[in-house]
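Down below is the structure, laid out as structure tokens.
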Amino acid sequence: MDIRERINGIFPAEEEIPAECRLDGAVELREYLVNGELRPWEGALQEVRSPVCVRTRTSVERKLIGGFPLLTEKEALAALDAAVCAYDSGRGLWSTMSVACRIDRVREFASRMEGERDRVVELLMWEIGKSRRDAEKEFDRTVDYIADTIDALKDLDRVSSRFVIAQGIIGQVRRAPLGMVLSMGPYNYPLNETFTTLIPALIMGNTTVVKPPRHGVLLFQPLLEAFRDSFPPGVVNFVFGEGRKIGPPLMASGKVDALAFIGTSKAANALQKAHPRPHRLRLALGLEAKNPAVILPDADLELAVAECLAGSLSFNGQRCTAIKIVFVHESIAAPFLHLFGEAIEKLPCGMPWEQNVAITPLPEPDKPSYLTELIADAERHGARVTNEWGGLANATFFYPAAVYPVDERMRLYREEQFGPVIPVVPFGDIAAPVDYIVSSDYGQQVSIFGRDSAHIASLVDHLVNQVCRVNINSQCQRGPDIFPFTGRKDSAVGTLSVSDALRAFSIRTLAAAKETKANKELIRTIIRDRKSNFLSTDFIL
Ligand code: G3H
């Protein structure tokens, strides 16, 4: 079957969906988590349609898979108040609890979460069209992240479980929570990226309100009871609805102490501006990126093709770390495009449950038409799609397109496409891709491909000062999660990694006293009688 036929018939009829992959009825989420209660919601629901379409005799239609509450400002503010009360100006049970006890609660949550793996994976597949393999990876990586976070916190706490005496002052320095954290993740990693801010924020003693992304809400349903049962009331609250309606009033209250947001800089700016005292607001933002690959004339072409393919098309190019533009030296542009086209052709296209599937339907309803427009714009300026059937769309499915030669007149040159279109730019002089990086609004990562050690070294030395990760003969990516993940310019605010995130959601604070006999005795008594969780020399094993 040729590619066109495959794409035209890509969606299954209802009865062709394998029985074990069907959702057991529509998932109607009719509750939200506030103050330790799953509150019922009788109001309007947002209908959830899967990127997976179902073929009928006359059409293909996005399958209706459920709905979630369209909460209003009132419910969102009630969730915020619950979190603020639970923090209780720093006196709350959670924020004054010992680190060891907080770790136990998070552990309990993680073990309950593991029991929901199959259901969450299934919902990831149906809600955002992620392949089963990638959905399982997202889930497992998140569970590992929680375990690693616990280990990192133990390390941090061990260092703090001692006193320092300097210039006649005794002090104990620890990291303390910031207060109320609003956590908003993105649709491409709705579970993982939400949890990479939520879990560190929680374990450091903050209280939280979570607002899941527009696509990727239902998958939180199986976890709500575990959140309710594992943490004291008000420590974790979940609200659902339109970000535009719920986010700004939360921020305008002035009660959000830290904002963890992964999405566009436009939305991040709007949220930040709504805060009456922005200087009080701690930010952890993951924003846009347009990571380039630069393929030098001496590159191992097969390796460059394989890495650029994975880098640009994993999860259909919907990763903030995806390679979103490829600069290839003009002397090897033709063989590169040839091999790249062949490699695209080998990518299995299909539904998320199909074994080894690589290219799947897209969750954003307007994405296929947006990508089609980008290609048309490039074609108007003289580029063309170089792989057979590239850009062919069928409802939510979009077949990957390599577009060449792209230049600065085309939207694809600067716009973050966040989808399966790969602009390829020929260059003669390395100054061209370097200038592109320097003049870009983004500064997350770059991939360079080549073998000349002196050339690679000089590019590394320059580009580490332009972006936050230079990948050598390797695709761009976030992991392993112990590595710092951040960006310059409009790409990020703050650094996340297992250990950096603990710092991002806490502040150093200390208790100190002049080294007098009376003070020493007082501190000794507090420690001996275990009267304080802060002034303590307990060592977590
Ligand atoms: O979308 C951004 C993700 O954090 C990327 O993570 O590079 O491991 O896929 P990844």
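In this chain, residues are counted from 1 in sequence order. Keep in mind it's a predicted model, so treat the numbers as computed, not measured.
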Quick one: does any side-chain atom of [X] pair with a main-chain N or O of [Y] as donor and acceptor, under 3.5 Å?
X    : Y    : value
R319 : N188 : no
E37  : R39  : no
K290 : E415 : yes
S439 : Y436 : yes
E47  : L64  : no
R508 : R175 : no
R503 : S499 : yes
S161 : V159 : no
T495 : D500 : no

Look up atom [atom1] in [X] and atom [atom2] in [Y], then write down how far apart they are to the nearest 0.5 Å.
X    : Y    : atom1 : atom2 : answer
K130 : L191 : NZ    : CG    : 9.0 Å
T207 : L93  : OG1   : CG    : 12.0 Å
L362 : T360 : CG    : OG1   : 7.0 Å
F315 : K137 : CZ    : NZ    : 12.0 Å
L33  : E225 : CG    : CD    : 10.0 Å
M204 : R102 : CE    : CZ    : 7.0 Å

Report yes if some heavy atom in the side chain of [X] is under 4.5 Å from a heavy atom in the side chain of [Y]; otherwise report no.
X    : Y    : result
T197 : F261 : no
E307 : S474 : yes
H215 : E364 : yes

Please identify each residue that fulfils salt bridge (charged side-chain N to carboxylate O under 4.0 Å, His left out) with R478, with sequence neighbours left out.
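Expected list: E193, D481.
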With side-chain contact (heavy atoms from CB on, under 4.5 Å) as the test, would you mind laying out the steps for W94 and R105 before giving the verdict?
CA-CA 10 Å; W94 183 246; R105 300 294 186 98; 3.7 Å; yes
So which atom in F505 and which in A258 form the shortest heavy-atom distance, rounded to 0.1 Å?
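That closest heavy-atom pairing would be CD2-CB, 4.4 Å.
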Exercise: identify the closest heavy-atom pair between W126 and P51:
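Scanning both residues completely, I find the closest heavy atoms to be O-CD, 3.2 Å.
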Only counting residues at least two apart or in another chain, list the ones meeting ring-ring contact (aromatic ring centres under 6.0 Å, His included) with F227.
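Counting only residues at least two positions away or on another chain, F227 forms a ring-ring contact (aromatic ring centres under 6.0 Å, His included) with F109, F195, F238.
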Cation-pi, Y442 ring and K324 (6.0 angstrom, 45 degrees):
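Cation-pi check for K324 and Y442: fails.
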So, applying side-chain contact (heavy atoms from CB on, under 4.5 Å) with M184, which one of I246, L271, V209, T194 is it?
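When I246, L271, V209, T194 are each tested with M184, the side-chain contact (heavy atoms from CB on, under 4.5 Å) holds only for L271.
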Do other residues, nucleotides or ligands put more than 12 heavy atoms under 6.0 Å from the [atom1] atom of [X]?
X    : atom1 : value
R62  : CZ    : yes
R158 : CZ    : yes
D24  : CG    : no

Is the ring centre of F240 less than 6.0 Å from the ring centre of F220?
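No.
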